[in-house]
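Ligands are counted one by one from 1 in listed order, and the atoms in each one are counted from 1 as well. Predicted model, so just to flag it, every value in this text is computed and none were measured.
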Amino acid sequence: MNKTIVVTGGAGFIGANFVLTWLNQSLGTVVNLDKLTYAGNLENLTTLEHNPHHIFVQGDISDQALVAQLLAEHQPYAVVNFAAESHVDRSIHGPEDFIQTNVVGTFHLLEAVRAYWGNLSAENQQAFRFLHVSTDEVYGSLGKNDAAFTETTAYAPNSPYSASKAASDHLVRAYHHTYGLPTLTTNCSNNYGPYHFPEKLIPLVIHNALAGKPLPIYGNGLQVRDWLFVEDHCAAIRRVLEAGKVGEVYNVGGWNEKPNIDVVRTLCRMLDSKKPRADGKSYADQIAFVQDRLGHDQRYAIDASKIARDLGWKPQETFESGIEKTVNWYLEHQGWVNNVASGDYRHWVSKHYTERGEEMA
Ligand code: NAD
Ligand code: TYD
């Protein structure tokens with residue numbers, strides 16, 4: 001079997017970081033299948049334009065015939081599934097795309113992979129892996145003093161996004177249990193870093209701060225997320241792919257729980273010193289408390305001790321070092337931000353935040 005892998009959703013935030021680091025480390029050829037929704041951006045992959053080990057295919061994971069054809073043609077030893085609708089707020093406005101891609105799409109992808117895998121030689125069947133990239137949000141919301149999510153925490157998804165991811169996780173589990181497909185699942189906490197689409201909290205705040213716009217905090221800003229630098233997540237996925245036990249689930253997290261308001265204040269402080277406002281005031285003056293998200297989960301926290309113990313993975317970045325790299329990246333890539341923050345993006349931001357009582361057009 002050759003050293004090719006198929007990555008789905010590799011033009012999005014985490015997928016692009018994964019593809020870039022995979023190819024930087026010369027780990028083999030990547031066939032990158034991405035539908036290029038609003039969140040997919042070929043600009044994330046411009047450094048690979050002339051790289052013969054990157055084969056980009058625009059297409060949908062729900063297109064079983066296309067996936068079957070790609071698998072037959074490229075004979076990968078693994079499929080890593082990042083493709084998804086990923087933004088909770090969008091799932092509240094319009095859940096249908098989430099069901100279509102995250103549930104139905106994962107089902108069709110699994111069907112195509114099962115057929116391909118079934119026809120491999122016994123040796124290649126043994127070596128093959130289907131790695132499904134999922135989220136800690138499937139476990140629901142924690143109270144202040146609750147223990148962090150482990151791999152055995154009961155699923156309790158609260159948003160259409162997390163419910164659709166939970167459904168996809170269950171399908172992956174069932175394909176292992178029923179058909180013996182060699183699957184692996186990772187459930188990771190909130191990522192941040194380069195190429196993060198500015199609809200999510202951290203890149204939105206950096207973008208709005210520099211544009212002189214409000215920094216919208218939902219509710220009281222005391223909701224807690226567990227932040228992980230995206231390259232650490234990519235390293236965890238590589239490690240699970242290499243050494244994870246077939247059929248197992250691995251929680252991935254940064255041991256970095258922070259209330260949203262603290263994250264935003266840290267970003268403001270960093271920008272105050274790296275790119276001070278012309279009027280000498282702090283970016284924190286732009287903070288605006290807005291109407292809360294419907295069904296907003298209070299706290300996520302990942303217990304990542306299984307992956308540390310069994311596979312020796314630990315995050316390399318602290319929140320302080322990761323957030324500094326991230327802010328520097330955004331300051332150095334304002335062209336990228338301006339290109340993605342146009343068209344459809346402007347429409348989303350204007351509609352979504354006007355409903356919360358904040359003008360951001
Ligand atoms: P993203 O929204 O930035 O990117 C998703 C990518 O998938 C885009 O390139 C999009 O074009 C593509 N895509 C969407 N529908 C598709 C379809 N039907 N067929 C093919 N491609 C399609 O998302 P992300 O933040 O990079 O997340 C990647 C994965 O990691 C998702 O499965 C998400 O649930 C999971 N995850 C994300 C986080 C996070 O903090 N961002 C944390 C844990 C897990
Ligand atoms: P987000 O980046 O959308 O990730 P997720 O909902 O998957 O955790 O949001 C992170 C946290 O920040 C979440 O508690 C919602 C909050 N938030 C705001 O307070 N304001 C915003 O404008 C956004 C986008 C998010």
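- Under the 3.5 Å distance criterion, the side-chain polar atoms of Tyr175 are left unmatched by any main-chain donor or acceptor of Val113.
- No donor-acceptor distance shorter than 3.5 angstrom exists from the side chain of Ser189 to the backbone of Gly253, with no hydrogens or angles considered.
- Closest to atom 6 (O) of ligand 2 among all protein heavy atoms lies Arg293 NH1, 2.6 Å.
- Using a 3.5 Å distance cut-off with no hydrogens or angles, the side chains of His54 and Asn32 do pair a donor with an acceptor.
- Ordered by chain and residue number, the residues placing a heavy atom less than 4.0 Å from ligand 1 are Gly9, Ala11, Gly12, Phe13, Ile14, Asp34, Lys35, Leu36, Thr37, Ala39, Gly40, Gly59, Asp60, Ile61, Phe82, Ala83, Ala84, Ser86, Thr101, Val133, Ser134, Thr135, Tyr161, Lys165, Cys188, Ser189, Asn190, Asn191.
- Of all protein heavy atoms, the one closest to atom 4 (O) of ligand 2 is Asn190 ND2, 3.3 Å.
- In this structure, atom 25 (C) of ligand 2 lies nearest to the protein heavy atom Tyr218 CE1, 3.6 Å.
- Ring planes of His196 and Phe13: parallel class, angle under 30° (limits at 30 and 60°).
- A donor-acceptor pair shorter than 3.5 Å can be found between the side chains of Lys200 and Ser86.
- Near Pro216, meaning under 4.0 Å from any of its heavy atoms, are these atoms of ligand 2: 18 (C), 19 (O), 20 (N), 21 (C), 22 (O).
- Ring centroids of Tyr300 and Tyr139 are separated by 6.0 Å or more, keeping the two rings apart.
- The pair Asp272-Arg277 fails the salt-bridge criterion, with no side-chain N (NZ, NE, NH1 or NH2) lying under 4.0 Å from an Asp/Glu carboxylate O.
- No hydrogens or angles considered: a donor-acceptor pair under 3.5 Å links the side chains of His53 and Thr29.
- When each atom of ligand 2 is checked for a heavy atom of Asn260 under 4.0 Å away, the hits are 11 (C), 12 (O), 13 (C), 14 (O), 16 (C).
- Looking only at heavy atoms of the protein, atom 10 (C) of ligand 2 is closest to Leu201 CB, 3.9 Å.
- With Tyr38 as the aromatic partner, Arg90 meets the cation-pi criteria of under 6.0 angstrom to the ring centre and within 45 degrees of the ring axis.
- Atom numbering of ligand 2 starts at 1 in the shown order; those under 4.0 Å from a heavy atom of Glu199 are 24 (C).
- In this structure, atom 22 (O) of ligand 2 lies nearest to the protein heavy atom Tyr353 OH, 2.6 Å.
- Among the atoms of Arg225, some N or O lies under 3.5 angstrom from an N or O of ligand 2.
- Taking the ring axis of Tyr250 as reference, the NZ or CZ atom of Lys306 stays within 45° of it and closer than 6.0 Å to the ring centre.
- With sequence neighbours left out, Phe82 forms a ring pair (Phe, Tyr, Trp, His ring centres under 6.0 Å) with Phe18.
- Each of the atoms 3 (O) of ligand 2 lies under 4.0 Å from some heavy atom of His87.
- Here the heavy atom of the protein found nearest to atom 7 (O) of ligand 2 is Glu137 OE2, 2.5 Å.
- Protein heavy atom closest to atom 13 (C) of ligand 2, with residue, atom name and distance, is His296 NE2, 3.5 Å.
- Counting the atoms of ligand 2 from 1 in the order shown, those under 4.0 Å from a heavy atom of Ile217 are 19 (O).
- Residue contacts with ligand 2, taken as heavy atom pairs separated by less than 4.0 Å, involve Leu204 solely via side-chain atoms from C-beta onward.
- For Glu317, the CD atom sits in a packed shell: over 12 heavy atoms of surrounding residues, nucleotides or ligands are nearer than 6.0 Å.
- In this structure, Arg238 fails the cation-pi test against Trp22, since its NZ or CZ atom is not both closer than 6.0 Å to the six-membered ring centre and inside 45 degrees of the ring normal.
- Close N/O approach between Asp297 and ligand 2 is not found [any backbone or side-chain N/O within under 3.5 Å].
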